[in-house]
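Presented below is the structure to which this report refers.
Any value given below was found using the heavy atoms of this structure, including those in side chains, with hydrogens, waters and symmetry copies removed. Residue numbers begin at 1 in each chain, while the letters A, B, ... track the order of the sequences.
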Protein chains: 2
Amino acid sequence: MPAGQPDAPGGAEGRATIRDVARRAGVSAATVSRALGGDPRISQPTVERVRRAARDLRYVPDATARSLARGRTWTVALVLSRWPGPGEEAWWLPGLIQGFTAAAQAAGYVTLLAAGSGGLTGRHQLLQLLRERRVDGAAVVTGQGYDRLLEELAGRGLPLVAIGRLYPAAPVAWLAPDDVTAGRLATEHLVGLGHRRIALVAGPGELAATVDRSLGYWTALEQAGLETGPVSAAEGYQAAARLVDAHPPPTAFVVAHDLMAVGVLQCLAERGLAVPRQAAVVCLEDGPLAPALRPPLTAVRAPWEELGGRSFRRLAGSLGAGGEDGGVTGGALSPPELVVRGSCGPPPDRGRA
Amino acid sequence: MPAGQPDAPGGAEGRATIRDVARRAGVSAATVSRALGGDPRISQPTVERVRRAARDLRYVPDATARSLARGRTWTVALVLSRWPGPGEEAWWLPGLIQGFTAAAQAAGYVTLLAAGSGGLTGRHQLLQLLRERRVDGAAVVTGQGYDRLLEELAGRGLPLVAIGRLYPAAPVAWLAPDDVTAGRLATEHLVGLGHRRIALVAGPGELAATVDRSLGYWTALEQAGLETGPVSAAEGYQAAARLVDAHPPPTAFVVAHDLMAVGVLQCLAERGLAVPRQAAVVCLEDGPLAPALRPPLTAVRAPWEELGGRSFRRLAGSLGAGGEDGGVTGGALSPPELVVRGSCGPPPDRGRA
DNA sequence: GGTGTCCGTGCAACCGTTTGCCTTCGGGCC
DNA sequence: GGCCCGAAGGCAAACGGTTGCACGGACACC
């Protein structure tokens with residue numbers, strides 16, 4: 001807060017205070033506070049009178065004063081620890097934010113948005129801001145990799161929840177989309193269609209999501225008693241190329257990220273393999289590309305909005321105001337949903353394989 | 001704020017107050033306040049002593065108390081008037097939010113996020129919330145069409161800025177991406193490459209963005225002394241089909257929305273028209289699809305982040321704290337940027353046309 | 001040596017709510 | 001009739017800063 005600037009509040013000049021209401025109802029301010037707060041000591045008739053007076057005056061209690069008196073702000077911070085760089089679309093963020101704020105609003109909390117712009121001073125400013133504003137808790141959308149910010153916040157004793165996987169694991173409650181199940185669902189779908197040679201086109205290994213999604217893929221194959229196909233970590237096109245040229249080529253491809261699916265599709269098209277007739281493709285991320293590509297991609301959709309909502313409620317749990325609790329690590333999130341579009345069919349050599 | 005719940009703040013137990021600092025520095029609380037606030041009346045030595053004491057105690061002033069005393073909260077609301085429905089990706093929102101909060105943070109303000117979930121009661125809750133929390137101002141990301149919420153907020157005398165076009169126009173300051181220039185830039189690019197028959201594939205006419213983008217297209221053609229090609233408002237594929245089958249087919253397509261470009265590309269591919277060799281395509285919206293399609297689309301990118309930043313500063317203007325001002329309507333935004341990728345080349349019949 | 005004028009600080013009254021404790025009053029009980 | 005008790009509500013002190021004004025001292029000027 002820069003100092004030295006003249007203060008001239010913009011709006012609302014005449015605003016009714018609790019004392020105005022008291023006067024009008026012929027009681028004391030204390031009584032108004034209690035009547036409106038539902039204190040059982042205040043008699044019914046009085047409560048009515050106070051309510052009327054408050055309504056007549058359009059009285060809205062001042063949260064600032066309330067916070068000061070009660071030592072609690074009913075405010076939580078949603079911290080975007082790392083902003084997506086240019087070119088890297090955070091298409092999932094709006095859903096997450098929406099879910100979070102909606103849940104907060106429903107519980108009477110207000111969401112403060114804060115960006116932790118990387119560097120040391122940025123982090124320091126952020127910490128200062130959270131202390132200054134006395135937020136009751138914070139949810140941190142972690143970048144990939146371990147989050148320094150998280151550590152410092154935890155050190156402050158601030159109720160905390162992380163959104164996103166933590167590497168290395170930290171003693172902090174966290175929630176994240178269930179990427180393992182995503183991988184499993186997709187793979188099982190393909191198995192169910194009759195595919196036996198299913199390849200995984202994974203993303204860069206340092207992405208937490210990639211790791212988990214791959215894990216789901218392996219699990220599903222194992223349970224189906226199938227051998228895992230070749231894995232490729234390179235970007236879409238080359239990856240697919242290498243996989244297609246395998247001895248018996250795979251009949252299906254599980255692609256970890258939607259951008260990579262573009263490359264895969266292109267490669268298959270060049271090889272003259274029609275999707276879904278001669279090759280099936282399923283994407284583990286239902287980004288904006290999935291429905292737009294030709295053919296529209298069958299994909300697994302993570303419940304971002306729900307994730308936001310549950311993150312808040314988990315946080316509310318540590319705030320004492322009865323949200324949900326649940327140990328230190330990953331909470332149960334409803335499983336991702338398989339959105340069937342047009343990119344998967346049965347394998348071409350059905351009778352034979 | 002639901003009442004009746006026990007208040008038990010989660011974190012921070014022992015927190016230094018201004019009086020603690022005063023005691024340690026051997027002065028009064030008033031002096032601490034003034035010293036830290038840069039009041040020239042306090043002598044230099046005293047200021048130093050106070051600063052030291054404050055640092056030693058890790059004193060962070062309490063914004064709640066400050067707000068109460070000064071009648072100003074240093075908080076602005078960012079109101080998402082209408083959340084994007086499912087399937088409708090708001091890929092531009094993160095950029096906008098980022099720009100806004102960053103600017104706010106830099107000016108010492110904090111951003112409160114609020115969702116105005118449609119209905120009457122939702123609006124009412126929102127208004128209540130803004131009054132209760134005493135926000136100093138609000139920026140409303142408008143949905144399409146006229147925004148009821150905006151009207152009610154303006155009625156409250158709250159400093160306001162709208163982000164997005166207003167139809168019908170309202171007496172409210174607003175900022176929006178410069179879609180007219182976007183249309184013009186794209187069209188001029190094509191003209192510059194030698195195209196003469198340029199078609200517009202516009203979106204649904206009720207979208208404000210569509211209207212403006214089309215306007216830019218017409219302007220550019222007029223200035224180049226060219227005739228405007230046929231216009232189609234239908235969705236991508238059919239639109240392109242109709243356009244391609246015109247007498248002399250267009251050599252270039254200006255597509256208003258990136259999702260529609262998918263249809264256009266597919267249509268061209270089916271007609272055997274290679275892009276960019278035999279037809280040029282330029283997109284007026286640089287969404288996630290643009291770089292991912294084959295070929296990657298040349299597109300016009302709106303400066304969403306800057307838009308967010310300027311929106312805040314415009315708001316700050318009405319807050320008295322020297323942001324930028326500028327009448328009631330549209331502020332100057334730096335123009336959108338043409339991102340040249342692989343979908344435009346010179347027209348095929350260069351010598352002849 | 002008064003008196004006026006700065007300069008640097010302290011006093012205390014705010015800002016609008018909440019809440020511990022006291023008061024008042026009416027009634028029941030010994 | 002005195003006492004205790006519960007019910008209903010008021011008093012005033014918080015919460016942690018800000019700020020108008022008074023105050024004391026040093027200094028200059030007449």
Output the rounded distance in Å from [atom1] ([X]) to [atom2] ([N]).
| X | N | atom1 | atom2 | result |
| --- | --- | --- | --- | --- |
| B:Tyr59 | D:dT18 | OH | C1' | 10 Å |
| B:Asp39 | C:dG10 | CG | P | 13 Å |
| B:Leu57 | D:dG16 | CG | P | 14 Å |
| A:Leu36 | C:dT17 | CG | P | 10 Å |
| B:Arg133 | C:dG16 | CZ | P | 17 Å |
| A:Asp62 | C:dG16 | CG | C1' | 6 Å |
| A:Arg131 | D:dG17 | CZ | C1' | 16 Å |
| A:Arg134 | D:dC15 | CZ | C1' | 8 Å |

Toward the 5' end of DNA chain C, which comes first, A:Ala29 or B:Pro45, by nearest nucleotide?
B:Pro45

Residue whose nearest DNA chain C nucleotide is more 5′ - A:Arg41 or B:Ala69
B:Ala69

Between [X] and [N], is there a side-chain N or O to OP1/OP2 distance below 4.0 Å?
| X | N | value |
| --- | --- | --- |
| A:Arg70 | D:dC15 | no |
| A:Thr17 | C:dG16 | no |
| B:Thr46 | C:dG8 | no |
| B:Thr31 | C:dT9 | no |

Pair B:Asp62-B:Arg66, side-chain contact (heavy atoms from CB on, under 4.5 Å): steps then yes or no
CA-CA 6 Å; B:Asp62 182 325; B:Arg66 211 213 285 281; over 6 Å; no

Could you check whether [X] gets within reach of a base, just the sugar-phosphate, or nothing at all, counting any heavy atom under 4.0 Å?
| X | result |
| --- | --- |
| B:Thr64 | nothing |
| A:Val27 | sugar-phosphate |
| A:Ile42 | sugar-phosphate |
| A:Ser43 | sugar-phosphate |

Is any side-chain N or O of B:Arg34 under 3.5 Å from a base N or O of D:dG17, one able to act as donor and the other as acceptor?
no

Side-chain donor/acceptor contact of B:Arg19 with base of D:dG17 under 3.5 Å
yes

Of the nucleotides [options], which has the atom closest to the [X] side chain?
| X | options | value |
| --- | --- | --- |
| B:Leu68 | C:dT9, D:dG16, D:dA12 | D:dG16 |
| B:Ile18 | D:dG17, C:dT17, C:dG10 | D:dG17 |
| B:Ser33 | D:dG10, C:dT9, D:dT18 | D:dT18 |

Could you go through the side chain to side chain donor-acceptor pair (under 3.5 Å) check for A:Thr31 and A:Ser28 one step at a time?
CA-CA 5 Å; A:Thr31 302; A:Ser28 77; 3.2 Å; yes

Closest contact, heavy atoms only, B:Arg133 versus A:Trp74:
NH2-O, 2.8 Å

Can you list the residues that meet the side chain to side chain contact (heavy atoms under 4.5 Å, CB included) rule with B:Ala69, with sequence neighbours excluded?
none

Got a sec, which residues hit side chain to side chain contact (heavy atoms under 4.5 Å, CB included) with B:Arg34, two or more places apart in sequence or on another chain?
B:Ala30, B:Asp39, B:Arg41, B:Ile42

I'd like to check the ring pair (Phe, Tyr, Trp, His ring centres under 6.0 Å) partners of A:Phe312; sequence neighbours left out, ordered by chain and number.
A:Phe100, A:Tyr109

Note the angle between the end axes of the helix from C:dG1-D:dC30 to C:dC30-D:dG1, five pairs defining each, rounded to 10 degrees.
70°

By salt bridge (Lys or Arg N to Asp or Glu O under 4.0 Å), B:Arg23 pairs with (sequence neighbours left out) B:Asp20

Sequence neighbours excluded, the answer for salt bridge (Lys or Arg N to Asp or Glu O under 4.0 Å) partners of B:Glu48 is none

